[in-house]
Amino acid sequence: MAAESRDADKVLEQLRAYRSHDAPTHGGRVLSYVYDSGRADLDEVAAQAMRLLQPVNGLDPTTFPSVALMESDLVEFGRAMLHGPTATGSVTSGGTESCLLAVKAARDLWVGRGGSGRPRLVLSASTHAAFHKAAHYFGLDVVVVPVDVESGRAPASALVEALGPQVALVVVSAPSYPHGVIDAVAEVAGAAADAGIPCHVDACVGGWVLPWWEAAGGDPLPQWDFRVRGVSSISADIHKYGYVPKGASLLLFADGELDLARYFAITDWLGYPVVNPTMLGTRSATSLAAAWAVVQTLGEDGYAVLARRVVAATSAVVAAVEGIDGLRVQGDRQGPLVAVATDESVEPGRQVDPLLWVAGVAERGFVLQGQPAMAQADGTIVPHTAHLTITPVTEGLLGELVPALVAAADAVRGHALPSPEALSQNGIPDPVALADGARAGGDLDLTTVLMLIETLPREASAQLLSAFLQRFTAPRG
Ligand SMILES: *Cc1c(COP(=O)(O)O)cnc(C)c1O
């Protein structure tokens with residue numbers, strides 16, 4: 001980092017050099033993190049919209065009414081999409097912020113209605129980590145209901161049993177991120193409504209693709225949106241299957257009272273009166289503008305066309321995995337996410353370990369996401385898996401992707417992962433050394449990292465990851 005002033009073109013040249021280290025964001029070779037529509041015109045309209053709004057402060061929509069206009073247009077689009085004609089809400093910076101705010105609103109409503117002691121948040125083991133973060137930030141106790149290992153879904157009866165007067169919110173997913181499974185939304189939301197407890201549907205990943213799924217030729221889905229009695233809020237990330245640049249999620253509430261509990265307002269200080277509908281104060285309006293512009297450009301019909309490509313590509317990937325000896329699709333999945341586990345019904349010599357498979361697929365040019373195994377509170381173990389997020393551009397790449405999936409499985413079939421004993425013989429790796437190795441350009445051995453997460457106590461692995469990232473992002477001098 002140079003401390004003296006420099007020419008802008010030199011600065012940008014360096015930025016391009018930095019960017020050259022990144023995984024490809026376009027073209028479909030990374031099957032997580034990025035959601036490529038395959039339409040360059042959307043990137044272009046987003047870039048122009050961001051530039052237009054670059055100097056605006058989203059803090060105050062009365063001074064900058066464009067912020068309110070764009071947001072209300074997106075909420076209106078979301079109302080139709082999620083079948084909540086009177087829903088209200090906001091555009092947030094992303095899924096995590098939407099989840100945090102859903103929990104904050106429910107907690108404040110619970111306290112406002114006379115709840116005392118610690119409020120509870122009822123989740124499944126498959127519920128996104130953002131809800132654990134919310135509980136941590138906002139002082140709720142988490143109740144985690146184990147999933148049925150085979151289906152990947154927490155039994156509705158177990159979630160309903162966890163409800164009670166301390167419960168501020170119950171969360172279901174449509175679908176869950178790890179295995180792409182849609183929870184028992186109707187059963188849980190209905191029982192929650194009977195008990196006077198809000199129910200949040202986390203459709204962060206599914207919210208902008210499931211509405212078009214059936215019309216696009218996908219399998220029929222159970223209802224999961226505001227049509228379901230008892231659904232009180234929904235998060236739906238625009239920066240996933242809405243195909244907009246990162247930094248945009250939609251959070252809608254069925255009920256104005258709950259929605260209002262999301263706000264933070266204070267007049268009790270020396271400065272300007274503060275009213276914040278979301279977590280930040282001063283905020284950029286660029287992501288909002290990009291989201292607005294892309295959604296306007298695509299329209300419902302544009303999303304329907306893209307959904308058809310996702311449905312077709314997902315069916316092809318599922319069929320390919322089912323045809324690979326030693327692998328199987330994990331859970332009762334629906335929608336565009338696929339998790340792949342070892343098929344333990346075949347003899348060990350024919351089994352394929354998904355973490356080794358992920359490494360083999362990477363050698364063949366595609367990045368899948370490894371997910372560690374986890375022992376649940378009821379003693380059952382959810383196996384480790386490989387996760388694939390299917391996007392419209394996957395369709396055009398099937399001719400390369402499917403052979404890579406097959407060849408990687410052939411290469412690692414019958415191979416065993418290093419045993420936990422072998423791993424612990426080397427001791428717990430030093431996170432600083434791991435980070436320095438990765439920074440020096442060495443590839444991070446993700447298989448080993450996931451194995452460590454499976455082997456170490458969860459607290460220890462979480463600390464190790466924090467120390468790793470602290471070092472990875474530290475100044476390099
Ligand atoms: C991505 C995701 C989130 C969190 O969203 P971010 O945008 O990564 O903050 C929450 N829930 C589900 C189901 C998700 O897929």
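FYI, the numbering just counts along the sequence from 1. Keep in mind it's a predicted model, so treat the numbers as computed, not measured. Order of appearance sets the numbers: ligands from 1, and atoms from 1 within every ligand.
Of the candidates E97, K246, K240, the one placing a heavy atom closest to atom 2 (C) of ligand 1 is K240.
Every N/O-N/O distance between Y177 and ligand 1 stays at or above 3.5 Å. Checked by distance only, ligand 1 and G95 come closer than 3.5 Å through their nitrogen or oxygen atoms.
Listed for the S315 side chain is a donor-acceptor partner under 3.5 Å among the backbone atoms of V311.
In D237, the part holding a heavy atom less than 4.0 Å from any atom of ligand 1 is the side chain.
Within 6.0 Å of the CZ atom in R458, the count of heavy atoms belonging to other residues, nucleotides or ligands exceeds 12.
For W208 and F77, the ring centers sit closer than 6.0 Å to each other.
No salt bridge links R364 with E400; every basic N to acidic carboxylate O contact stays at or beyond 4.0 Å. With respect to the salt-bridge test (charged N to carboxylate O, under 4.0 angstrom), the residues D141 and R118 qualify. In summary, R79 and D225 do not engage in a salt bridge, as defined by a charged side-chain N under 4.0 Å from a carboxylate O.
Which parts of ligand 1 touch T96 is read off a 4.0 Å heavy-atom cut-off, strictly below it: atoms 4 (C), 5 (O), 6 (P), 9 (O).
Looking only at protein heavy atoms, the nearest one to atom 13 (C) of ligand 1 is D202 OD2, 3.3 Å. Annotation: atom 10 (C) of ligand 1 to nearest protein heavy atom, H128 CG, 3.2 Å.
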